[in-house]
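Residues take their numbers from the sequence shown, with the count starting at 1.
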Amino acid sequence: MTDKRKESEAATNKGYDTEGTALRKPIDLDYVLTNELGQFGKYQLRSVILVAIPIIMSGFMSEYIFSAAAIPHRCRIPECGEEGKSHKYDPDWILNAVPETSSGFASCERFTPRGLSTNGTLDYCPVSLFDQSTTTGCDGFVYARDNTVVYEFDLGCNEWLRAFAGTLSSIGTLLVLPITGYVSDRFGRRFALIISVFNLALFGLIRAFSVNYVMYMVLQLLQTTFGAGTFSSSYVFAAELVGPKYRVITSAICSSMFAVGLVVLGGVAWLITDWRYMIMALHIPCFLIIVYYWIFSESVRWLLSKKRYPEAQKILENVARVNKTYISEKSLEALMNPPQPVAANVPDVDKPGLVRTILSSRVLLRRVCTTPIWWITTTFVYYGLSINSTSLSETMHLNFILTCAIEIPGYFTAVLVLDRIGRKATLSAGYFLSAACNIVFVFIPNEITAARLVIFLLGKFGISVVMTSVYLFTSELYPTEFRHTLLAFSSMIGRVGSITAPLTPVLMEYWHGIPSLMFGGMGILAGLLVLTQPETLGTRMPDTLAEAEALGKPESKVNFAR
């Protein structure tokens with residue numbers, strides 16, 4: 001170890017690495033991780049395991065899928081002694097008072113009462129009490145179950161209002177982006193992570209004591225607005241001390257932990273059916289995140305960016321100790337004394353802005369119009385399938401768990417094939433597979449439960465492959481100067497999909513196949529649009545607009561022979 005360290009320091013001092021290759025860039029943290037500390041040692045593994053816990057907790061914000069789940073309901077029939085909402089849902093006489101439908105009996109209408117002087121009872125309600133030639137709306141409802149907010153707050157046929165809880169949750173995930181970014185950059189990654197999970201737990205727990213549906217929805221919005229930064233904060237924490245070689249697999253691990261969180265959510269909702277107790281059981285353990293303040297070290301990259309060098313040095317030395325590696329004095333000195341940026345002598349007065357650049361480049365304009373559609377489709381289908389999985393059959397909890405668990409092999413499949421068959425093939429195949437499964441699903445009879453479930457899961461598998469691939473492919477299509485801005489723009493527009501997805505189950509009231517056909521149609525469109533873009537596997541990451549426009553041409557290929 002001592003000889004290796006001396007060799008590295010001597011080579012670094014001369015401007016060479018340990019194998020005699022000339023260094024082409026100044027020493028930075030990536031160089032130190034790759035050549036000295038280790039790209040994924042015990043310290044990084046411990047960090048990933050620790051952030052896996054809050055990532056799992058971030059999945060709990062989707063509990064509205066169960067707490068605001070639809071409940072079979074029908075009109076209350078006061079002429080037959082029903083005075084509240086907790087009567088038997090399907091008594092023997094129900095078709096005397098409520099029209100028959102293909103799914104059993106109507107949910108939102110009943111036969112018009114004749115207004116006779118005599119009434120029926122809960123056990124006997126004759127057809128003579130009703131005019132079966134006309135129908136009228138409900139004055140109240142009777143529910144099949146009493147374990148969601150639909151029963152608690154008597155939402156009845158207000159399906160759009162019920163589904164709006166999911167839309168508010170997605171709006172909160174959009175509002176949280178600037179908040180989390182500011183807190184993370186201003187106060188540190190550790191603080192952003194802890195405060196995000198604490199807000200998730202606090203607003204979630206308060207929501208368990210909601211006294212009306214307005215309070216429930218407001219708290220849903222507040223929880224995601226101030227707590228949905230949990231995943232991004234955890235991911236940044238994990239990625240910032242992992243070497244370049246392991247960042248893709250780290251991303252897949254983080255995404256998989258989110259899927260595990262959804263599986264845990266489904267299991268808890270299955271075991272604890274009452275919505276208030278379910279929310280408590282999910283969120284009370286989240287307060288344990290406070291102990292992370294003492295057991296979690298701050299991000300080294302953030303400390304270096306804030307010039308808090310003594311703290312950064314202490315952590316780097318701890319990384320070397322845990323990983324049983326080393327960090328040379330030369331590297332420490334380089335990290336603690338980074339080169340100062342040199343101000344440009346020539347002002348960029350004539351340099352066009354982003355909008356002018358996009359409008360003047362047909363290639364860039366086409367990409368800016370294309371990539372947001374990928375993101376809208378991805379979030380729309382991904383969240384739509386998760387939410388609609390609860391209506392597959394009577395075992396809604398099992399369906400949800402399987403639909404979330406299938407994401408994990410989807411994420412790692414993308415990691416395995418992206419660098420083998422290319423970005424275009426992986427992304428378009430994922431879209432087309434998901435689209436085909438969604439379209440086929442519409443025409444499978446309800447009686448063939450196993451086949452419906454398999455096709456549905458394959459559709460979720462396909463969009464999970466896309467979920468991992470779309471971020472990488474989008475970033476590789478744009479030049480360095482505009483990459484972050486245009487990637488963020490695509491992601492922001494993509495939130496339209498996650499905001500509208502919770503409303504899709506309501507469309508099944510009109511025809512059962514509408515959501516699945518929408519998912520399929522969007523998938524086909526996105527898959528075709530992927531084929532209009534150049535392959536980026538084996539190409540240089542474009543730094544300039546000219547290089548971005550040249551993607552797909554021979555000059556954009558990396559010459560590995562040099």
Report the distance from atom [atom1] of [X] to atom [atom2] of [Y], rounding to the nearest 0.5 Å.
X: Leu221; Y: Thr167; atom1: CG; atom2: OG1; result: 11.5 Å
X: Thr468; Y: Tyr411; atom1: OG1; atom2: OH; result: 6.0 Å
X: Leu168; Y: Leu219; atom1: CG; atom2: CG; result: 11.0 Å
X: Thr180; Y: Ile195; atom1: OG1; atom2: CD1; result: 11.0 Å
X: His87; Y: Arg76; atom1: NE2; atom2: CZ; result: 7.5 Å
X: Met215; Y: Ile206; atom1: CE; atom2: CD1; result: 7.0 Å

Least distance between heavy atoms, [X] atom then [Y] atom:
X: Met396; Y: Ala69; result: CE-CB, 4.5 Å
X: Trp93; Y: Cys125; result: CD2-CB, 3.3 Å
X: Ser58; Y: Leu200; result: CA-CD1, 3.9 Å
X: Leu129; Y: Asn119; result: CD1-C, 4.2 Å
X: His73; Y: Cys157; result: NE2-SG, 3.4 Å

Checking [Y] against [X]: is there a side-chain donor and acceptor pair closer than 3.5 Å?
X: Ser184; Y: Arg189; value: yes
X: Thr134; Y: Thr112; value: yes
X: Thr121; Y: Asp123; value: no
X: Thr371; Y: Ser490; value: yes
X: Tyr143; Y: Ser86; value: no
X: Lys460; Y: Ser389; value: no

Self-check item: Phe473 six-ring face occupied by Lys424 cation (under 6.0 Å, within 45°)
Solution: no

Quiz item: Does Phe287 CZ have over 12 foreign heavy atoms under 6.0 Å away?
Solution: yes

Practice problem: Walk me through it: do Thr378 and Tyr431 pass the test side chain to side chain donor-acceptor pair (under 3.5 Å)? | Solution: CA-CA 8 Å; Thr378 303; Tyr431 279 126; 2.8 Å; yes

Pair [X] and [Y], ring centroids less than 6.0 Å apart:
X: Phe66; Y: Phe400; answer: yes
X: Phe153; Y: Tyr216; answer: no
X: Tyr89; Y: Phe105; answer: yes

Exercise. For Tyr151 and Ala144, indicate whether the former's side chain and the latter's backbone hold a donor-acceptor pair under 3.5 Å.
Key: no

Quiz item: By side chain to side chain donor-acceptor pair (under 3.5 Å), which residues pair with Tyr382, not counting sequence neighbours?
Solution: Glu407

Self-check item: All pairs passing salt bridge (Lys or Arg N to Asp or Glu O under 4.0 Å) where residues 263-288 contributes a residue, at least two apart
Solution: Glu152-Arg276

